[in-house]
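See below for the structure under consideration.
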Amino acid sequence: MKKWAGMIGLTLVALLAWAYLARWGEPSVDQPIAFPHKTHVQQLKLNCTNCHQRAEKDAAAGRPPTALCFACHAAVEAKNDEMKKVRAFGESGKEIPWRRVWRLPAHVFFSHRTHVTVAKVRCQTCHGPMETLDRPPARPLRKLAMDDCIGCHEKWEWPKEITEGGTEPVRVAAGRRVSTDCYACHR
Amino acid sequence: MALWGMVIDLDRCTGCQACVMACKAENNVPAVGAGEAVRGRIISWMQVLTEEEEGHPGEIKRFMPRPCLHCDDPPCTKVCPVYATYRNPEGIVTQIYARCIGCRFCMAACPYNAKYFNWRRYQKEAPGQNPDVSVRPKGVVEKCTFCHHRLQKARDRARVEGRELAPGEYITACAEACPARAIVFGDLSDPGSDVARLARSPRAFRLQEELGTKPKVIYLTEGEGHGRA
Amino acid sequence: MAAREPGGRDAALFAPIELTGRGFYGVVAILFLFILWGGVAYWVQFEEGLGVTGLHQPVSWGFYVTNFVFFIGISHAGTLISAILRLSKAEWRRPVTRMAEVITVMVLFIGAGQILVDLGRPDRMMNIIRYGRYQSPLLWDATSISAYLTASIVYLYLPMIPDIAILRDRLQKRKLFYTVLALGWTGSERQQRVLNRAIAVMAILVIPIAVSVHSVVSFVFSMTLQPMWHSTIFGPYFVVGAIFSGIAALIVAMIIFRKAYGLQGYLKPIHFRYLGQLLLIMSLLWFYFTFAEYLTGYYGGTPEEMKVFWAKFTGPFWPFFWGMALTNFVIPILCLVRLGRHTIAKVLTASLSVLVGMWLERFIIVVPTLSNPRLPFGEGIYWPTWVEWGELAGSFALFALFYLLFTKFFPVISIWEIREGREVGLKEVEERLLTYLPDGSEAELAETGRRW
Amino acid sequence: MSREHSVPDRMARAIQWGLAGAAVLFIGGIVTWISHLIRTAWRLKDVPSASIGISLVAVPVFLTLLGVILYVFWGLLGDRSE
Amino acid sequence: MRVTRRGFLQVLGGTATGAALIKQRLVKAEDAGQDLNKWATPEEVVVPSICQQCPGGCGLLVRTLDGEVAGISGNPLHPINRGTLCPKAFGGLQLLYDSNRLKGPLARDGERGRFRPVEWDEALSMVTARLSDLRAKALAHTVAILGGQYRGYRDTLWKRFAQAYGTPNYIRVRCLPPEKPALAHRLMQGVTTPLGYDLGEAQFILSFGAGLLEAWLGPVHASQAFARLRRSEERPRGRFVQVDPRRSPTAIKADRWVPIVPGTDGILALGIANALIREGLHDKEFVEEHTFGFEDWRDQRGEPHEGFKDLVLREYGLLTVSAATGVPVKTILEIARDLGTIKPALIIGERGPAYGPDDLHTRMAIHSLNALVGSIGVRGGLLIQGDLPLAPLSPVKQDEGAQRGLGQARIDGAGRGEYLLASDAPQVLAERILSANPYPINALFLFATNPLANHPTKAELARAFDRVPFIVSFSPFLDESSSMADLILPDHTYLERWQDDQVTHLAGFTCFSLARPAATPLHQTRNTADVVLQLAKALGGSIAQSLRWEKFDDLLRAGARGLYEARRGYVVSPYAEESLRKILERQGYWIPEFKSFDDFWEALGKRGAWWDPTVLPVSREALHTTPSRKFEFYSTGLKRLVDEAVKREGKTGSFVRALGGQDRGDLLFLPAVAVPSAQEPGEFPLRLNTYRLMSRPTGGGKNQPWLLEQPAVHVRMTWERWVEIHPKTAAGLGVKDEEWVWVESAKGRIRLRAKLYAGTRPDVVHIPLFGGEGPSANDLIANEVDPFRGFGLLNTTRVRIRKA
């Protein structure tokens with residue numbers, strides 16, 4: 001009798017664990033090219049927004065256009081297979097079929113450009129230490145939840161030079177804080 | 001802080017339902033299908049109601065487009081058990097789909113029946129939808145949001161450009177589509193705005209005013225007179 | 001088997017726990033069928049969404065909310081009645097209280113479950129706990145129902161402790177179970193004092209909680225601005241209705257167990273006559289409240305209110321409304337005015353009628369208001385689907401099953417209270433009676449004299 | 001009934017005290033929950049008065065219930081250990 | 001703390017596992033729809049386009065994301081709709097992404113109705129082979145092209161193709177051809193281009209059954225004008241009267257709804273004329289100076305003729321009119337007084353319902369009111385609609401084969417005999433094909449039309465189609481007609497193709513809209529205009545020479561050059577710029593905006609339209625191009641036509657018979673409508689009135705769920721079609737709301753849901769012509785032909801109703 005109870009209990013626990021793990025586990029993403037962020041950021045001293053240009057211009061950061069890669073890689077000698085692939089894509093005029101790794105739920109409005117150009121949040125704050133990667137990440141380096149957004153929004157204070165200027169964003173956010181209204185982000 | 005509101009001129013409204021369809025397209029409101037529609041489950045954030053002549057049932061007197069009225073004292077938000085619907089600082093009555101538990105208390109409490117429920121999962125993400133608005137899952141309540149995603153985008157643009165939101169930069173899809181320009185949308189707290197000026201018109205009235213819900217959608221009656229107000 | 005024990009006198013009370021016959025399994029099987037229906041219905045609803053019900057715009061609440069109000073109403077059977085009887089030291093309560101209290105506990109689970117069944121996103125029900133807000137009457141419900149549930153369980157459990165001790169000592173099976181629950185009861189004086197005091201406190205505490213529960217349930221409706229909901233007397237109206245349906249449910253349960261477990265010796269016609277009289281009073285009280293509620297609405301005559309009013313009186317809901325009037329008032333009155341003969345049959349008829357009637361009353365409160373919105377919409381007629389019927393059947397069956405299982409673990413009539421009645425009750429009553437009368441005891445007189 | 005402290009007896013006592021603990025946890029949980037709701041309402045400026053008002057009634061009721069439960073546990077179990 | 005409490009409570013409820021599993025399932029269910037490779041927000045491009053859901057011609061802005069359409073809004077620069085839209089426009093999204101669209105060309109596989117997919121090249125060569133073959137056998141004229149509701153260069157292209165190939169049978173299947181001037185306008189004013197309606201400036205509008213705010217010329221344009229009539233800053237609220245047996249949404253919005261016995265509109269108009277003249281409220285100056293035939297007159301031979309005035313005063317006394325029309329005398333008088341005193345007033349009869357057998361004279365009677373109140377050629381009245389200065393195309397080269405083919409009579413007989421005044425006569429098409437009169441049809445092209453669903457003679461047409469050995473359809477859907485085809489070459493939907501639009505009937509300004517493809521084509525479909533060019537090229541010879549453009553956009557470009565060189569008009573621009581231009585242009589200045597045609601073309605593509613905002617200062621004389629240079633109450637044009645016909649065919653010729661007979665004498669040329677004698681109700685006591693819904697004016701688009709869900713605002717009905725019955729009539733029949741009923745006519749019967757609707761005359765029932773799913777009113781409509789439009793009469797059928 002007791003054994004049975006124990007068994008049932010164990011199964012239950014296992015089931016629970018499985019359910020939770022299954023929820024957390026996200027499919028890993030294989031990229032068409034083993035892009036090394038480390039080489040580009042640490043060695044070549046590129047900024048994130050040098051390639052991810054739309055992060056400064058648009059709500060979505062998007063992917064860098066292949067033409068941008070090709071701009072450099074057309075001139076640089078292709079040292080390995082990956083670089084040859086870049087060249088091949090560039091010459092064919094086709095976009096590299098990058099796959100998305102980071103994605104927000106559809107009900108979230110998130111503007112990269114506000115966070116990058118106005119609030120000057122570092123990319124790594126949300127994306128994690130991308131500059132250390134030799135290979136593209138198979139899954140997001142950091143897992144973000146709503147509490148992360150709110151935590152930052154509640155603590156955030158606008159830099160002095162902006163508040164003293166008294167420009168619009170500060171007044172919209174009612175004081176030195178940014179909005180924590182649900183409708184600022186939910187859509 | 002802005003106070004978003006809408007004026008609907010019933011004298012101009014022709015009951016064409018352009019607002020209804022504009023809203024559906026803008027907000028990814030699903031078509032529920034013939035079977036569900038017959039069961040009375042059409043979702044229509046903006047709905048053109050027909051008012052009948054008193055004493056002459058069946059004789060339509062006027063058309064009355066009814067979005068969510070975004071009451072300043074909304075009966076629906078009081079009853080929400082999880083803060084999925086509340087009046088935000090700019091007067092928009094929200095609906096947070098990710099929070100809603102689908103108890104439908106707000107639907108029962110809304111005297112204007114402006115809230116709609118996803119009785120089933122009516123649609124998935126598909127081409128043709130507006131990417132600025134999320135597709136609602138089954139089991140949650142949805143309603144007119146005054147196209148607040150347009151506000152998000154407009155504000156984002158203004159913020160990046162380091163300026164105030166310009167009047168007219170943010171209007172709802174229904175106001176934009178209305179061929180008779182019967183719907184005027186804007187900031188009620190700005191006394192110079194069109195919407196505030198029209199709201200002061202002697203023709204202005206609010207739906208079920210006696211309930212004390214203080215709707216921010218203001219109607220203008222039909223009638224003789226001169227000029228727009 | 002029971003006869004070999006000294007307590008063989010109350011063998012009928014032990015029998016259900018000691019012996020399990022074929023009848024029991026038969027009943028359980030039937031109940032399981034209904035529960036299965038409910039279960040399948042819920043699974044379908046969970047997969048497909050609430051679309052499988054008959055709900056629609058604008059009738060967004062239907063059977064489930066009706067059931068919720070109804071079941072929470074039934075729960076007043078118990079604890080409230082038993083508490084009042086205990087406090088008033090009504091001696092005829094002894095075989096009644098346990099059954100009443102069990103109803104409360106079991107039905108509260110079922111009632112609260114209705115809300116979960118009604119949710120569009122049951123997976124998010126934890127949101128109520130994580131992000132709940134007290135401005136919503138739904139949270140008031142959650143709080144008062146959990147208080148009531150806690151109190152009811154305690155109030156059911158405390159008077160059961162001596163019985164559990166008896167079972168612990170008497171039965172060979174489930175030794176640990178009874179040992180734990182008996183809390184080491186030996187019947188010592190101190191233990192008796194503690195228990196009696198606790199029961200007394202609980203009896204007092206449980207009454208306001210019970211009243212609050214159904215008031216709060218009514219607030220779900222009356223806090224909105226909707227016609228025929230937004231009413232100040234909804235609180236007491238619901239409480240009266242709840243007690244009304246509670247007594248009816250209690251009577252039905254008593255009659256069933258009397259027959260099934262052969263408890264004729266404990267539950268005599270006199271019990272039913274008393275309960276019947278109580279039911280009669282509640283019927284009249286219910287009628288008074290209904291009358292007051294509808295008269296106020298009618299006299300005020302606001303158009304929205306009248307739309308709902310006529311929808312109930314002559315509109316699509318007339319069969320429900322007049323059915324309710326018939327079953328809640330006419331039939332009970334006819335059955336209960338003279339209880340001299342065929343007491344049990346009459347009381348049973350009246351009770352069953354009231355159960356149907358009170359369910360209809362809840363339905364007639366929930367649905368017509370929603371299907372007659374203020375603005376000119378298409379008025380929708382609501383009719384439930386097999387899913388909702390399944391949930392209704394399943395809920396009743398689940399309740400019956402819970403109750404039945406309870407009787408297999410614990411005596412359905414308080415053994416020690418019956419014994420106490422036999423042993424000390426008679427004397428106590430006599431003494432107490434004397435203190436009521438003008439020629440009371442000397443001490444009493446002396447005290448009165450001093451005060452004057 | 002034997003007075004010895006047999007194994008099941010000790011286990012029974014453990015479970016009994018466990019039950020009392022569960023009651024404390026349960027009602028403690030509810031009280032914490034209520035205070036959490038007050039805090040949330042305060043933070044969101046969402047009618048904290050309603051939360052406080054209700055908690056003023058609900059918390060004492062729950063505490064009283066807890067009191068009764070503990071009183072019984074203590075009273076009955078305590079008696080036997082004497 | 002939170003975790004403990006949560007965990008604890010979960011255990012308490014025994015819900016932990018359940019919740020986790022549930023959550024798991026839901027999360028999965030929600031993710032399933034997401035395309036994992038899709039980027040959330042690709043680059044957004046806004047492309048101007050033209051709405052093709054009705055002939056309104058509104059400008060669109062289509063929001064696209066990587067070639068996927070993400071939304072439609074009105075083009076704020078477009079002069080027709082100024083950024084606003086009607087409900088149909090949004091259905092375009094669902095039309096584009098309709099799952100029932102054909103994925104590529106289909107060829108018949110065995111019997112009709114079965115198909116196999118084919119490649120475009122193969123399909124085109126099949127058509128070419130067939131066309132060459134027929135031409136070689138001197139049977140070019142046996143190719144018939146049925147075209148639907150479209151205009152502009154697609155019409156030009158087909159016309160050219162027919163002319164170059166050598167078939168006279170380019171037949172349009174439209175009951176309301178809006179490009180032509182209305183017959184009444186042509187006969188009474190002599191105009192050859194359509195008239196424009198200055199609705200926005202009118203102060204009083206009297207409409208005879210025209211669904212002004214629903215499905216008239218353009219609902220958006222009309223709604224804007226209506227709004228201006230109702231509320232504008234600078235003038236008092238205008239008045240609007242709707243004469244209609246049905247209280248349509250337009251009638252609901254009117255200040256006065258005049259329910260009328262169907263088909264008696266002309267009599268009412270003459271009654272109003274009577275009251276106007278009797279009370280001396282007509283515009284005496286205009287009548288005296290600009291009209292002919294008002295007073296009695298003598299012709300060159302000295303024979304006396306009765307004038308309009310005498311006719312009206314003699315024949316159309318208010319009591320007579322009131323009895324015939326069911327409109328109270330008081331109402332007639334009040335309308336006449338408003339009409340005579342509120343200026344400018346506008347009377348609309350064009351594109352109203354078919355008024356019955358005496359349709360032409362009814363329309364003449366209605367139009368004569370415009371002359372009586374002097375609303376011709378004035379602000380707020382009727383204006384002349386100028387032609388677009390498009391570049392003329394080189395003349396069609398016709399070889400011998402083409403000339404021979406074109407020398408043949410048209411199969412539908414349009415332009416001859418009783419159909420002398422009709423440009424197309426699809427109503428008789430079925431009968432002619434079936435009887436091979438005057439010749440059999442060997443090939444049939446179906447473009448933008450679905451006659452087997454939308455035409456009253458659909459049953460006959462279906463049989464006729466069986467006789468045609470080769471049918472090519474260009475429909476993007478497998479609809480009733482295309483499923484009869486041998487070959488389906490699916491067209492793009494309008495958001496995927498190059499196209500133009502040339503809207504007529506505006507408030508005097510001219511407008512050319514241009515759209516380039518907004519969405520990347522979803523399927524293997526092709527713009528039919530391109531396909532026609534490809535066919536012409538494959539056929540070679542003079543056909544290829546006549547249609548020598550590579551792509552349709554080359555043709556558009558060639559035509560638009562005319563606009564660039566016209567030295568007037570502008571590519572639409574923001575309001576401020578535009579008003580400045582208007583002022584300058586009124587003073588005779590015109591500033592070129594572009595240095596080259598390429599710049600012009602690019603701007604046209606980016607902004608969506610060219611227009612000439614300046615209403616040409618047209619003198620009243622220019623509006624009257626009749627022999628008398630006046631507005632003719634007595635139509636000498638009609639007299640000439642009749643005289644010629646009599647000369648040709650004799651006094652009993654078919655044309656004269658179609659007009660109502662020679663024995664009516666002068667009444668034939670005056671707006672005289674015979675007062676019908678009272679009819680016994682008989683077997684079919686109710687009149688059937690068909691009407692067009694705002695949401696579905698021209699049929700088609702079965703898979704636009706938003707519109708089908710809420711098709712009408714005045715009755716609550718969804719997806720299905722319905723019949724509107726007056727509650728009193730319904731009570732007499734024992735019919736309740738939403739019950740099924742049989743609607744029966746002499747032709748057939750259909751089962752519909754009854755909707756009780758108080759806004760109607762009790763003796764009339766109404767069925768929307770097009771709408772949701774369900775049987776069509778075409779199954780009831782008697783196959784009566786209107787000889788002046790060549791289409792069936794849609795509103796004259798009598799029916800009865802039984803409970804089903």
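A note on names: the letters A, B, ... follow the listed sequences, proteins ahead of strands, and every chain is numbered from 1. Scope of the values below: all heavy atoms of this structure, side chains included, with no hydrogens, waters or symmetry mates.
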Do you know which of B:C19, B:G139, B:S44 has the most heavy-atom pairs with chain E at a distance under 4.5 angstrom?
B:S44
Measure distances from E:L93 to the heavy atoms of chain B and classify the residue's part below 4.5 Å as side chain, backbone, both or neither.
side chain
Check the pair E:E214 / E:R692 against salt bridge (charged side-chain N to carboxylate O under 4.0 Å, His left out), numbers first and verdict last.
CA-CA 8 Å; E:E214 297 143 87; E:R692 283 150 194 281; over 6 Å; no
Do E:W706 and E:Q704 have side-chain atoms, one donor and one acceptor, less than 3.5 Å apart?
no
Atom group of E:I72 that falls short of 4.5 Å from chain B, counting heavy atoms:
neither
Could you go through the side-chain contact (heavy atoms from CB on, under 4.5 Å) check for B:L151 and B:L165 one step at a time?
CA-CA 9 Å; B:L151 174 62; B:L165 206 58; 3.6 Å; yes
Angle between ring planes, B:F185 versus B:W4, binned at 30° and 60°: parallel, tilted or perpendicular?
parallel
Per-residue contact mode, B:V29 against chain E (heavy atom under 4.5 angstrom)
backbone
Greatest number of heavy atom pairs closer than 4.5 Å to chain E - which of B:T50, B:D11, B:V48
B:D11
Considering only heavy atoms, which portion of E:V69 lies under 4.5 Å from any heavy atom of chain B: side chain, backbone, both, or neither?
backbone
Which of E:A70, E:C86, E:C58 touches chain B most, by non-hydrogen pairs under 4.5 Å
E:A70
Which answer fits E:P249, side chain, backbone, both or neither, if we ask what part of it has an atom under 4.5 Å from a heavy atom of chain B?
both
Side chain / backbone / both / neither for E:A712 at chain B, heavy atoms under 4.5 Å:
backbone
Establish, from distance only, whether the side-chain atoms of E:S695 and B:Q17 form a donor-acceptor pair under 3.5 Å.
no
Which bit of B:V38 comes within less than 4.5 Å of chain E, counting heavy atoms only: side chain, backbone, both or neither?
both
Under 4.5 Å from any heavy atom of chain E, what part of B:C178 do you find: side chain, backbone, both or neither?
backbone
Lys/Arg N to Asp/Glu carboxylate O, E:E234 vs E:R228, below 4.0 Å
yes
Tell me which of these, E:I252, E:L213, E:L522, has more heavy-atom pairs under 4.5 Å with chain B than the rest.
E:I252
Just by distance, do the side chain of E:E720 and the backbone of E:G774 share a donor-acceptor pair under 3.5 Å?
no
Pick whichever of B:A22, B:G15, B:C13 has the most heavy-atom pairs under 4.5 Å with chain E.
B:A22
Just by modelled atom types, is the E:R246 backbone N or O under 3.5 Å from a matching donor or acceptor in the E:Y757 side chain?
no
If you tally heavy-atom pairs under 4.5 Å against chain E, which of B:A175, B:A37, B:P30 wins?
B:A37
Which residue out of E:Q224, E:H221, E:R82 racks up the most heavy-atom pairs below 4.5 Å with chain B?
E:Q224
Under 3.5 Å: donor-acceptor pair, side chain of E:N81, backbone of E:G59
yes
Using a cut-off of under 4.5 Å on heavy-atom pairs, state which of B:P179, B:C16, B:A18, B:A177 scores highest against chain E.
B:P179
So, the part of B:Q129 with a heavy atom under 4.5 Å from chain E: the answer is backbone
Parallel, tilted or perpendicular: rings of B:Y86 and B:Y83 (30°, 60°):
parallel
Go through it in stages, so that I can follow the logic: the residues are E:K755 and E:E738, the test is salt bridge (charged side-chain N to carboxylate O under 4.0 Å, His left out), and I'd like the CA-CA distance, side-chain angles, deciding distance and then a yes or no.
CA-CA 5 Å; E:K755 280 305 288 188; E:E738 304 219 345; 2.9 Å; yes
With chain B, the option among E:T250, E:V713, E:T718 that has the most non-hydrogen atom pairs under 4.5 Å is E:V713
